[in-house]
Amino acid sequence: MAKCVNKENMVLPSLKEARLRRNFKTETIKYSVIDKYAHLGDGKTYYIYTYGCQGNEADSEIMAGILESIGYKKAMDPLDADLVLLNTCAVRENAEQRIWGVLGQLKGRKRNHPDMIIGICGCMPQEENATQKLIESYPFVDLIFGTHNRGNLPKLIYQAYFTKEKAVEVLSTEGNILEGAPKVRDNKYKAWVHIMYGCDEFCTYCIVPYTRGRERSRAKEDILAEVNELVKEGYKEITLLGQNVNAYGKDLGNDYTFGDLLRDIDKTGIERVRFTSPHPRDMDENAISAMAECKSVMPHIHFPVQSGNDRVLKIMNRKYTREEYLYKIKRLKEEIPGISITTDIIVGYPGETKEEFNDTLSLVEEAGFEGAFTFIYSKREGTPAAKMEDPISDSEKHEWFDELKKAVDKGYLRGTERFVGEVVEVLVDGESKSDLGMMSGYSKHNKLTHFKSNDKSLIGKIVKVKVKEAKSWFMIGDLVE
Ligand code: SAH
Ligand code: SF4
Ligand code: F3S
């Protein structure tokens, strides 16, 4: 594995290395910790700030598990913790801006608490320029590590405590698979389950293939063992994670695909299965029929389209056309009647014209999306799009963005209104944040649903709710039975 080591023994990231895809076999590494580190955290507390996607949330649960296994306890107040980790996202500029802001707050805190260890991990350190800035301008950061070496967390903490040197280890490898690490899950009823890591798509705007390495699938036995364990522990819902979940298995060199995995997971008896994100190009008939046949797979799909224009899709390297995308949607709707479809859209890709943007607007109507995460294109150093001419002004992009939001919001309302008068099944999360005396959870179609009750024993159960009112972002109903 190529390492870029400088004179202070720091292992620094290299985007050039991160871009490589060699032909080697992924290694599965079993997590273990040596005796020297086993009590490193005794009597100390930790706090993890998590930004970015569900992949990062799942990674934070592993880091929490590792920390608790070596004696750390979770701090009530992050500013009082002995160890603070920022698990970062690099997907857009504003995700990074937030991190620099939090670091500013922590700097002040460290003045009164000089023994506090501050660590940055996740996707941001995988970027050369971010790590350089962290080293040069943030001397109070003790620990910098990337997405490929969270299993080394005890060693890095040891180095920060006992050598008082800044511990910097950001591998720009294609990546291995870590199995058997302890986890502290945030929720007792809903769990994340990684089925694959990394991404080989190289959409031209996106930093993720550089920060997360090569596409690599977990062995189906490891996934099924994890799901079986979750069922035993009383979990009701799992969300299968990966940057391109329906590329599952392609790297394993057998014929077992995402659709087959869904069928096997269905047999474990887990009540609800969701997944994020599938890539439209890899959405095959086997996956669609598995979604239709498996009772546990929920009738909702987050299906990122990015653009409705063929030229833009092509230069984004999405590898499908508008027509092909719409065909997949048609097949999903035919096989899973009533399915709710949401998406991701980027506005203002370099060189996109108003006419091309209008194609995205019309696609929102035509596809009948019931929600979308919409983003203004953000330049990511090291990606091919960063070198492209970008003549459209920011203000114009914002106008397009507002127009798109209006179209998307109509879809949200259409998506909840269709349930008024119907009985939906809701997995209860807890008391509604906005209204005391109400409880809330998500329906099978992934609609946030509130209902009158203060019976906390319902938390973690699936209840029936008759919907009486629809708003854009939620539904309100009454408990049935
Ligand atoms: N793997 C997932 C998405 C991962 S990133 C997929 O391909 O579907 C989540 C979303 O962030 C993407 O779908 C895209 O819409 C958005 N995104 C990624 N890079 C971006 C960039 N440079 N600027 C703006 N949005 C971006
Ligand atoms: Fe990024 Fe494309 Fe991979 Fe999604 S599929 S993570 S958008 S490169
Ligand atoms: Fe962000 Fe990394 Fe996820 S860049 S979106 S945290 S894979």
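Start at 1 and go down the list; that is how both ligands and their atoms are numbered. The basis for the numbers below is simple: all heavy atoms, side chains too, and nothing from hydrogens, waters or symmetry mates.
Enumerated by chain and number, the residues approaching ligand 1 to less than 4.0 Å through a heavy atom are V91, R92, Y205, Q243, S277, P304, Q306, R318, D344, I346, F375, I376, Y377, S378, R380. Protein residues with any heavy atom under 4.0 Å from ligand 2: C199, E201, F202, C203, Y205, C206, V208, P209, Q243, H279, R318.
Counting atoms of ligand 3 from 1 in the listed order, those under 4.0 Å from a heavy atom of C123 are 2 (Fe), 4 (S), 6 (S), 7 (S). Interface of N56 with ligand 3, defined as ligand atoms under 4.0 Å from a residue heavy atom, comprises 6 (S). Atoms of ligand 3 found under 4.0 Å from any heavy atom of Q243, numbered from 1 in the order shown, are 7 (S). The distance from ligand 3 to the heavy atoms of R212 drops below 4.0 Å at these ligand atoms: 2 (Fe), 6 (S), 7 (S).
Here K250 pairs with D282 in a salt bridge; the nearest charged N to carboxylate O distance falls below 4.0 Å. Residues E96 and K133 are not paired through a salt bridge, judged by the lack of any N-O separation under 4.0 Å between the basic side chain and the carboxylate. Ionic pairing of R109 and D77 is not present here: no N-O contact between side-chain nitrogen and carboxylate oxygen is shorter than 4.0 angstrom. A salt bridge does not link K328 with E324: none of the charged nitrogens is closer than 4.0 Å to a carboxylate oxygen.
Listed by first and then second residue, the side chain to side chain donor-acceptor pair (under 3.5 Å) pairs that reach into residues 399-416 are K354-E403, sequence neighbours excluded.
Although no hydrogens or angles enter the test, the distance criterion places no donor-acceptor pair under 3.5 Å between the side chain of Y325 and the main chain of P304.
Using a 4.5 Å heavy-atom threshold, the side chains of N246 and H279 count as touching.
A pairwise comparison of heavy atoms in W100 and A130 identifies CH2-O, 3.9 Å as the closest pair.
With sequence neighbours left out, the side chain to side chain donor-acceptor pair (under 3.5 Å) criterion links E174 to R22, R214.
In this structure, R98 forms no cation-pi arrangement with Y51, as its terminal cationic atom is not both closer than 6.0 Å to the ring centre and no more than 45° off the ring axis.
The protein atom (non-hydrogen) at minimum distance from atom 4 (S) of ligand 3 is A90 N, 3.2 Å.
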Next item on the list: Could you go through the side-chain hydrogen bond (donor to acceptor under 3.5 Å, both in side chains) check for D264 and Y256 one step at a time?
Entry: CA-CA 11 Å; D264 278 342; Y256 189 85; 2.6 Å; yes
Check: Where do N129 and E381 land on the side-chain hydrogen bond (donor to acceptor under 3.5 Å, both in side chains) test, with the steps shown first?
Finding: CA-CA 8 Å; N129 51 4; E381 220 50 69; 5.0 Å; no
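Proximity of C53 to ligand 3, defined as any heavy-atom pair under 4.0 Å, is shared by backbone and side chain alike.
For atom 3 (Fe) of ligand 3, the set of nearby N, O or S atoms under 2.8 Å includes none belonging to C89.
For the ligand labelled ligand 3, residue G55 lies outside the 4.0 Å heavy-atom shell.
Counting heavy-atom neighbours within 6.0 Å of K319 NZ, excluding the residue itself, gives a total above 12.
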